[in-house]
Amino acid sequence: MAPRAVKGKSKTHQDTGRVLKRKRGEDSLATLVKQVEDLDLKNPVKNFSDLPLSEPTAKGLAASHFKVLTDIQSRAINHAFKGRDILGAAKTGSGKTLAFLVPILENLYRRKWTELDGLGALVLSPTRELAIQIFEVLRKIGRYHNFSAGLVIGGKSLREEQDRLGRMNILVCTPGRMLQHLDQTAMFETNNLQMLVLDEADRIMDMGFQKTVDAILDHLPKQRQTMLFSATQTKKVGDLARLSLQEPEYVSVHEAAASATPSTLQQHYTVTPLPQKLDTLWSFIRSNLKSKTVVFLSSGKQVRYVQLQPGISLLHLHGRQKQGGRLDITTKFSQAQHAVLFATDVVARGLDFPAVDWVIQMDCPEDADTYIHRVGRTARYERVGRAVLFLDPSEEKGFLKQLEHKKVPIEKINIKSNKQQSVKNQLQNMCFKDPELKYLGQKAFISYVKSIYVQKDKETFKIKELPLEEYAASLGLPGAPRIKFIKGDDAKERKNESWRMAHMSSDDNSDTEKKDKKDEKEVRTRYDRMFERRNQGVLAEHYSKLINDDGTMVATGAPKDAGAEIDDEADEDADFLSVKRRFVAGDAELGEKSDSSDSEDSDAETKTKDSRDVKMVHLDGQDPLLIDSKRREKLLKSKKKLLKFKGKGTKLVYDDEGNAHEVYEMEDEEMFKARGDAKAQREKFLEGETERTRQADIEDKEVMREKRREKKEKRKARERAEAEAEMSEEEGGFSHLPHVPFEIPGSDSDSASERDEPRPSKKQRVAFAEPDSDDDKPKSKKSQPSARPIETLGDLEALASGLLG
Ligand SMILES: Nc1ncnc2c1ncn2[C@@H]1O[C@H](COP(=O)(O)OP(=O)(O)OP(=O)(O)O)[C@@H](O)[C@H]1O
């Protein structure tokens, strides 16, 4: 009896403690809400400690060593706290990421956001690398919150992500993958979304992403807070209308500034004729072996070709690499003290590589905005940095005009010709010895010329003025490859085309990957072509023998007298092709019926030919089955096995007159032609099917969502009722504030709760841990749930490819 009394007493103590704690939480939340209401927008705060912040965010910021707000942070955060739409523009490296992440955490916190409320904030990033980076910052500063957060960037199975998506409060994603989920993941709801953030907004709103972003916006509620951030901000009225911005606050930190680039950045350009660019780069690298440098080139093929060995670690990064490889390289370069990263514009925006000394732009960027983002990879957050742009004489005037227009201060420098070292001979030797390298060089040449051809700014990019023969020689090539341009062929448009098809299929990959696949298909190596030619011959020969004049198929495994005219050589080849089927085309010459029929449905007959015993079995409505071995004879005795040789019947449909038709009937050629060009018909058909599939998906999803919504509402009501009952029993007056760890449910079993099975207990959940050892980690077990730190690239890859777990 006694123990029971003690137990009862301690339970009451625990309950009272819980209730008091809840009351304290409610009180501090009310104070926080009031402080935000009273925030003076005209008086930006300096330190994070002066902002009205929740305890978890304040702790997360302090543990990540963020104390003083940057300009953009102090001017944007207070507006964002008040729920205003924001157009944020500030120089590269000025801390825009925190300017939207802190409001996301705080606004959801003040709204008591829980797992049951679903997706509260969505952050769109133009590249996977940037999405990963944003997510890492979110993990750092949000580690003491109980929100669940996920990274959705493609590269892994859609299924894996689907199960977990429905429970996320905050998502960081790339547009293509997000749209795929919005269209295809029934459990994923966005009707409760509070905040939408577009990082590198001008890039996300431009042509390349237009269709995808518009389709995403169609799925989102119009009533929401929208925040746009970039170093080169979009202010286009059309874009703002597309986003349904409501009286946005334009927070521009650099509009009044003298330059659009950081003041700690020294910018130079050098006029280097195209054929000398590689030599200039080589000489630069050789004289800066103790630096960390990013070299921008216009295409991945060029990035792959630059395989010099100057005595410093060279890394290559471009969009066509596999995701794991890309992550590996960004991590390596981040950690390296001295290295050169050859990259395309995939790293131009947003990436925060620590301590980059130089940014070299070997190929002129497409516009001044791209220039600003590229050079922004150095001189970040008050650090110094240097940038050099290589311009061909034909590009100088046009591009300098663009830079001037965008307030970019840049000075000309001359390269000392006596310091120039030539790599032309070295490359020529290498290409001579290694045809594969020569092939790569040719592709690099072609892709460079194409990149110039598709540029819109014809005042800067004048293809006719480029010395292409000399440029090819500088790459070590024996001559300039011939390039055919199709008039009116817009490469960008072609690139974006794949979106449509990616969208239609339920494939797992992001749109970027689709592009890759499409391109991979187009790029056939020499060996591919040789192989194709060789096998074409073999197949052609066979094909002509396998197909009769009238186009009917000839059975290659049949004996010679079985009606097919096949010569000896063809028989050999037939064996080579290992035709396993034993159906013969006709039975007319195969002798009389055998008496020894032992099956209800089949009759067997025997004929000896070419010293082989051959039996024939007739199956209803089928070609005869040839029995030429004991094994096949045995088969006859099994009715079950014979079933597979029986016909399956034909499905017919009846018209109004009662005439039977096959489900698919061949159309008369004339009629087909009358309906127009075959290509146009195909496209029309595809469009129709895409639309039909899309509509069906949307309808299916809506039904599923409705069901889920109902269940969720019921669950929510039940939980609230329970909580209220519990409180009124004990003390009364408080509302329940359930907490979900800041996590992505990791295991498959976790996804069960999404399907309305009992919610996992907190102990079952997997939560984040912060890998940084220097941060003061929370001491209590409750505030530091069991954790899996990111230690290896594999971890990071898993993190990037799916959802955190
Ligand atoms: N308040 C702060 N105190 C100290 N460091 C900060 C602060 N805010 C941001 N940083 C640091 O500044 C660097 C740049 O920040 P961030 O990547 O957010 O810049 P950005 O403005 O988004 O740049 P970009 O335009 O290139 O995307 C990061 O390393 C970040 O950790």
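Counting convention: from 1, in listed order, for ligands and their atoms alike.
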Using a cut-off of under 3.5 Å, which N/O atoms of ligand 1 pair up with protein N/O atoms, and what distance separates each pair?
unit_1: ligand 1; atom_1: 1 (N); unit_2: Val68; atom_2: O; d: 2.7
unit_1: ligand 1; atom_1: 1 (N); unit_2: Gln73; atom_2: OE1; d: 3.0
unit_1: ligand 1; atom_1: 3 (N); unit_2: Tyr381; atom_2: OH; d: 3.3
unit_1: ligand 1; atom_1: 8 (N); unit_2: Gln73; atom_2: NE2; d: 2.8
unit_1: ligand 1; atom_1: 17 (O); unit_2: Arg380; atom_2: NH2; d: 3.0
unit_1: ligand 1; atom_1: 18 (O); unit_2: Lys96; atom_2: N; d: 3.3
unit_1: ligand 1; atom_1: 18 (O); unit_2: Thr97; atom_2: N; d: 3.1
unit_1: ligand 1; atom_1: 18 (O); unit_2: Thr97; atom_2: OG1; d: 2.6
unit_1: ligand 1; atom_1: 19 (O); unit_2: Gly95; atom_2: N; d: 3.2
unit_1: ligand 1; atom_1: 19 (O); unit_2: Arg380; atom_2: NH2; d: 3.4
unit_1: ligand 1; atom_1: 21 (O); unit_2: Ser94; atom_2: N; d: 3.1
unit_1: ligand 1; atom_1: 21 (O); unit_2: Gly95; atom_2: N; d: 3.1
unit_1: ligand 1; atom_1: 21 (O); unit_2: Lys96; atom_2: N; d: 3.1
unit_1: ligand 1; atom_1: 21 (O); unit_2: Lys96; atom_2: NZ; d: 2.8
unit_1: ligand 1; atom_1: 23 (O); unit_2: Gly93; atom_2: N; d: 2.8
unit_1: ligand 1; atom_1: 23 (O); unit_2: Arg380; atom_2: NH2; d: 3.0
unit_1: ligand 1; atom_1: 25 (O); unit_2: Lys96; atom_2: NZ; d: 2.7
unit_1: ligand 1; atom_1: 26 (O); unit_2: Arg377; atom_2: NH1; d: 3.1
unit_1: ligand 1; atom_1: 26 (O); unit_2: Arg377; atom_2: NH2; d: 2.9
unit_1: ligand 1; atom_1: 26 (O); unit_2: Arg380; atom_2: NH1; d: 2.8
unit_1: ligand 1; atom_1: 26 (O); unit_2: Arg380; atom_2: NH2; d: 3.3
unit_1: ligand 1; atom_1: 27 (O); unit_2: Glu200; atom_2: OE2; d: 3.2
unit_1: ligand 1; atom_1: 29 (O); unit_2: Asp352; atom_2: OD1; d: 3.4
unit_1: ligand 1; atom_1: 29 (O); unit_2: Asp352; atom_2: OD2; d: 2.5

Does NZ or CZ of Lys59 lie under 6.0 Å from the centre of the six-membered ring of Tyr144, at an angle within 45° of the ring axis?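 Yes; both conditions hold, so Lys59 lies above the ring face of Tyr144.
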
Under a 3.5 Å threshold, yes or no: a donor from one side chain and an acceptor from the other, between Asp457 and Gln402?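 Per modelled atom types, Asp457 and Gln402 side chains form a pair under 3.5 Å.
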
Aromatic ring pairing Phe333/Phe353, orientation class (parallel under 30°, perpendicular over 60°, tilted between):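 Ring orientation, 0 to 90° scale: perpendicular.
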
Partner set under side-chain hydrogen bond (donor to acceptor under 3.5 Å, both in side chains) for Gln455, not counting sequence neighbours: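 For Gln455 there are no side-chain hydrogen bond (donor to acceptor under 3.5 Å, both in side chains) partners, ignoring immediate neighbours.
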
Using the test side-chain hydrogen bond (donor to acceptor under 3.5 Å, both in side chains), find all partners of Asp369 that sit at least two apart in sequence or belong to another chain.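 Asp369 satisfies side-chain hydrogen bond (donor to acceptor under 3.5 Å, both in side chains) with Lys406 only.
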
Could I get the full list of salt bridge (Lys or Arg N to Asp or Glu O under 4.0 Å) partners for Glu395, not counting sequence neighbours?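 Not a single residue meets the salt bridge (Lys or Arg N to Asp or Glu O under 4.0 Å) criterion with Glu395.
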
